[in-house]
Structures are given as C-alpha cells and as structure tokens.
Amino acid sequence: HLQSINMACILSTPSSSSSAAHFLLPSELLPSRAVKVKPTSLSWASSFPKLGIFGFVSNTSPPIPTLKKDSFIQAAYTRRSRGELAKRPNRKSWKQRTDMFMRPFLLNVFFSKRFIHAKVMHRGTSKVISVATTNSKDLRYSLPSLTDHNACRVVGQLIAERSKEADVFAMSYEPRKDERIEGKLGIVIDTIKENGIIFV
C-alpha cells in the first residue's frame, strides 16, 4: 500500500497545454470517504441538515406581517378624532353598541287619557317579559279610575311581580327628550322599586 502511494507522488508527464507539474493527492487514490468538515457554528441547530423546510432549520425567516393603514387593530388603540367623527357621523359610539347587552331589560310606560299601559321588554330579542295595563278585564271594572295615582301604583306592583316571576330583578328606563321622572311616571317607577326591582 505504501508503494502505491510513493508511486503516485512521481511527477506526471507534462502536457502540451501546460508545463506545470501535477501531483496526485493521497485522498484521490484512496476509496471515497465522507470528508468531515468543521461546522462554522457550534450551536445545536447547526448540526442538522438545512432542508429549507419552514419550521425546521432554514435560512429563510418568516415574513413579517404588516398592518394596513385603515386596519381595525390599529383603530382599536386609537381615539376617534373630531375629523373622523365628522366623516362618519352615523357610526354608533361604544355605549350605543354595548348598552343593549349591559342593560338588556327596558321598561316602557304609556299614559293615555283612558288607561295606563306598562311593559318590560328584552332589547336583544324584542321579547316582552311582563305586561300590565289598567285596560285589562281584571282591572277595568275593579278600579274606580284607570288613570289616577292609585292605578299607577297597581300597574307598578303588577309589573314588579310578573317580572320577578320571569326571573328579572333589574331593569332600566330611558326617558324621552325633555321628559322628567315625576308625577304618574315617578309613582310607577317608585312602586316597582319598592317591590324589589333594581333600576340600572
């Protein structure tokens, strides 16, 4: 074996194209072996082959997401300016969008010249929870007057009892424009409060 290596070190015959001597290295004569190459990095990840698969060791980095100018994520952390409010006047505020869920049960009272009508409605489904009116058959002939203060107390008491039967113990009332909670309306609301209903 050593003789074959020594013979390979002999100068080869010069070619016509170049006069430079060519030496055969011992690695060229020996059978092909895996040549060990020192890794450029000593990290654990560098010992794996670079297959170019996303999620494995790869030279390509994942793309960085960019936010658009009118992105909802960007708008969530910024406050609406007066200019934006002027551009979109019909957009509801945060209170208008969440009030239906924060105060789901709404009291509605209607005063007529002949009777008093009150009802509690669920704002999300428009379902009527409880109704009381002095124009009903059981109250029309038993009350001396269908519109006085005593009739207001009867309506408030019936609304409170029927709401509690439906497991509703809290409701709200939204007064109309330039409406004051006094007089007959105040009597109805105070009677409902006295019978265990909370107004929010």
Side-chain angles (χ1 to χ4, degrees), residues 55 62-200:
I64 301 175
T66 57
L67 294 178
K68 295 181 180 180
K69 185 177 180 181
D70 299 332
S71 175
F72 69 95
I73 301 176
Q74 184 180 4
Y77 295 95
T78 57
R79 193 173 183 179
R80 293 176 64 195
S81 61
R82 293 182 179 179
E84 293 176 353
L85 183 61
K87 291 178 183 178
R88 304 177 66 180
N90 296 328
R91 185 182 180 184
K92 294 182 180 179
S93 63
W94 175 260
K95 182 180 179 181
Q96 291 174 339
R97 284 180 285 172
T98 59
D99 193 44
M100 181 177 64
F101 305 100
M102 300 299 292
R103 301 189 301 168
F105 299 103
L106 188 64
L107 173 67
N108 185 13
V109 185
F110 174 71
F111 296 96
S112 174
K113 293 181 179 181
R114 295 184 296 175
F115 60 90
I116 301 171
H117 179 83
K119 67 178 178 180
V120 178
M121 187 179 66
H122 186 254
R123 301 171 69 180
T125 59
S126 299
K127 182 179 178 180
V128 178
I129 304 301
S130 60
V131 181
T133 176
T134 56
N135 199 25
S136 60
K137 292 181 180 180
D138 54 346
L139 296 177
R140 187 188 305 171
Y141 304 106
S142 60
L143 294 176
S145 176
L146 302 182
T147 56
D148 61 349
H149 291 180
N150 186 29
C152 294
R153 295 186 185 93
V154 172
V155 169
Q157 186 176 359
L158 288 174
I159 283 290
E161 292 176 356
R162 293 171 183 175
S163 297
K164 287 188 287 185
E165 289 176 1
D167 294 334
V168 176
F169 297 92
M171 62 183 68
S172 61
Y173 180 79
E174 290 184 357
R176 299 178 183 87
K177 187 178 180 181
D178 299 333
E179 183 182 20
R180 296 180 181 180
I181 303 177
E182 60 184 9
K184 295 181 181 180
L185 177 60
I187 293 173
V188 173
I189 294 177
D190 291 340
T191 307
I192 295 174
K193 290 180 181 178
E194 291 171 1
N195 286 272
I197 301 295
I198 302 172
F199 275 82
V200 291

[X] side chain to [Y] backbone, donor-acceptor under 3.5 Å:
X      : Y      : value
Thr134 : Ile116 : yes
Ser172 : Phe105 : yes
Lys184 : Ala151 : no
Ser136 : Ala132 : no
Arg153 : Ile187 : no

If I take atom [atom1] from residue [X] and atom [atom2] from residue [Y], how far apart are they, to the nearest 0.5 angstrom?
X      : Y      : atom1 : atom2 : result
Glu174 : Arg123 : CD    : CZ    : 4.5 Å
His117 : Leu146 : NE2   : CG    : 14.0 Å
Lys95  : Met102 : NZ    : CE    : 11.0 Å
His149 : Thr191 : NE2   : OG1   : 11.0 Å
Leu185 : Tyr173 : CG    : OH    : 4.5 Å
Ile189 : Leu107 : CD1   : CG    : 6.0 Å

With heavy-atom distances below 4.5 Å as the criterion, would you say the side chains of Leu139 and Leu158 are in contact?
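Yes. Closest side-chain heavy atoms under 4.5 Å.
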Side chains of Met171 and Ile129: closer than 4.5 Å at any heavy-atom pair?
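Side chain of Met171 against side chain of Ile129, heavy atoms only: no contact under 4.5 Å found.
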Would you find more than 12 non-hydrogen atoms of other residues, nucleotides or ligands less than 6.0 Å from Arg180 atom CZ?
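Open.
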Surrounding NZ of Lys164 (heavy atoms of other residues, nucleotides or ligands, distance under 6.0 Å), is the total greater than 12?
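Counting neighbours around NZ of Lys164, more than 12 heavy atoms of other residues, nucleotides or ligands fall under 6.0 Å, so yes.
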For Asp99, is there an ion pair with Arg103 - N to carboxylate O distance below 4.0 angstrom?
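Asp99 and Arg103: salt-bridged.
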No-hydrogen, no-angle side-chain donor-acceptor test under 3.5 Å, Thr133 and Asn135
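No, because no side-chain N or O of Thr133 sits under 3.5 Å from a partner of the opposite role on Asn135.
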Which residue in the set Val120, Asn195, Ile192 passes side-chain contact (heavy atoms from CB on, under 4.5 Å) when paired with Ser163?
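Looking at Val120, Asn195, Ile192, the match for Ser163 under the side-chain contact (heavy atoms from CB on, under 4.5 Å) is Val120.
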With Pro144 via side chain to side chain contact (heavy atoms under 4.5 Å, CB included) - residues at least two apart
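Expected list: none.
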